[in-house]
Amino acid sequence: MQNRPRLTPLLLAAAFALSACATTRDPAPLADASDVALGERAYADGPIVQPVAVLEDSRCPMNARCIWAGRVRVQMLWIRGNGEQEPFEVTLGEATPLADGSITLESVRPDRMTNVELKPEDYRFAFRFAGGL
């Protein structure tokens, strides 16, 4: 008769537990659209959006006087339910048509300051989606 290694019930339970952990992993939850970094996907009260690049940030620095308040334009992706990605652009304070409604870039942080250059990873955005009727 051969000597076969015997699996104890405890080892068997541990093996099953480890395999269950590897296969039932849920995807990370999406951020809400009130504090979104570049490259981060967020749920915007309907569509899933992702800011990918700051195209323009000409806002007047907080510690300066300006004739024009400036603007912020951001390149975005709309992530559809089938995984398809559709690019679009938003401008701070302006409604942009999207899906069955419109999305508005409501705020951009941090504020600009003279002699301080913002890096892409510094930016945080807040979006609001108004769905169609």
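In this structure Ala33 satisfies the side-chain contact (heavy atoms from CB on, under 4.5 Å) test together with Ala44, Phe127, sequence neighbours excluded. In this structure Glu94 satisfies the salt bridge (Lys or Arg N to Asp or Glu O under 4.0 Å) test with no other residue, sequence neighbours excluded. Applying the side chain to side chain donor-acceptor pair (under 3.5 Å) criterion to Ser107, with sequence neighbours excluded, gives no partner residue. Residues forming a side-chain contact (heavy atoms from CB on, under 4.5 Å) with Thr96 (at least two apart in sequence, or on another chain): Phe88, Val90, Ile103. Listed by chain and residue number, Arg109 satisfy the salt bridge (Lys or Arg N to Asp or Glu O under 4.0 Å) test with Asp35 (two or more places apart in sequence, or in another chain).
Evaluation of the disulfide (SG to SG under 2.5 Å) test over residues 73-113, restricted to residues two or more places apart or in two chains, returns none. Contacts classified as side chain to side chain donor-acceptor pair (under 3.5 Å) and involving residues 40-55 (residues at least two apart or in different chains) are given here: Arg41-Gln50. Listed by first then second residue, pairs satisfying side chain to side chain donor-acceptor pair (under 3.5 Å) with a partner in residues 74-85 read Arg80-Glu86, not counting sequence neighbours. Residue pairs meeting the disulfide (SG to SG under 2.5 Å) criterion with at least one partner in residues 71-125, sequence neighbours excluded, do not occur; the list is empty.
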Could you pull out all donor-acceptor pairs under 3.5 Å where a side-chain atom in residues 58-68 meets a protein atom, sequence neighbours excluded?
unit_1	atom_1	unit_2	atom_2	d
Ser58	OG	Glu56	OE2	2.9
Ser58	OG	Arg71	N	3.0
Ser58	OG	Arg71	O	3.2
Arg59	NE	Asp57	OD1	2.8
Arg59	NH1	Val108	O	3.3
Arg59	NH1	Pro110	O	3.2
Arg59	NH2	Asp57	OD2	2.9
Arg59	NH2	Pro110	O	3.0
Asn63	OD1	Thr114	N	2.9
Asn63	OD1	Thr114	OG1	3.2
Asn63	ND2	Thr114	OG1	2.9

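Smallest separation of non-hydrogen atoms from Phe129 and Asp100: CZ-OD1, 3.5 Å. Taking both residues in full, the closest heavy atoms of Gly93 and Thr104 are given as C-CG2, 4.0 Å, listed atom of the first, atom of the second, then distance. Scanning all heavy atoms of the two residues, the minimum distance from Val52 to Leu38 falls at C-CD2, 3.7 Å. Between Pro47 and Leu98, the shortest heavy-atom distance links the atoms CG-CD2, 3.9 Å.
In this structure, Glu117 places its CD atom where only 12 or fewer heavy-atom neighbours from other residues, nucleotides or ligands lie under 6.0 Å away.
The shortest side-chain heavy-atom distance between Val74 and Leu105 falls under the 4.5 Å cut-off.
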**Message:** Could you go through Phe125 and Val54, starting from their C-alpha distance and side-chain angles, then the distance that decides it, and tell me whether this counts as side chain to side chain contact (heavy atoms under 4.5 Å, CB included)?
**Reply:** CA-CA 11 Å; Phe125 309 97; Val54 176; 3.9 Å; yes
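From Arg73, atom CZ reaches atom CG of Leu92 across 12.5 Å, with rounding to the nearest 0.5 Å.
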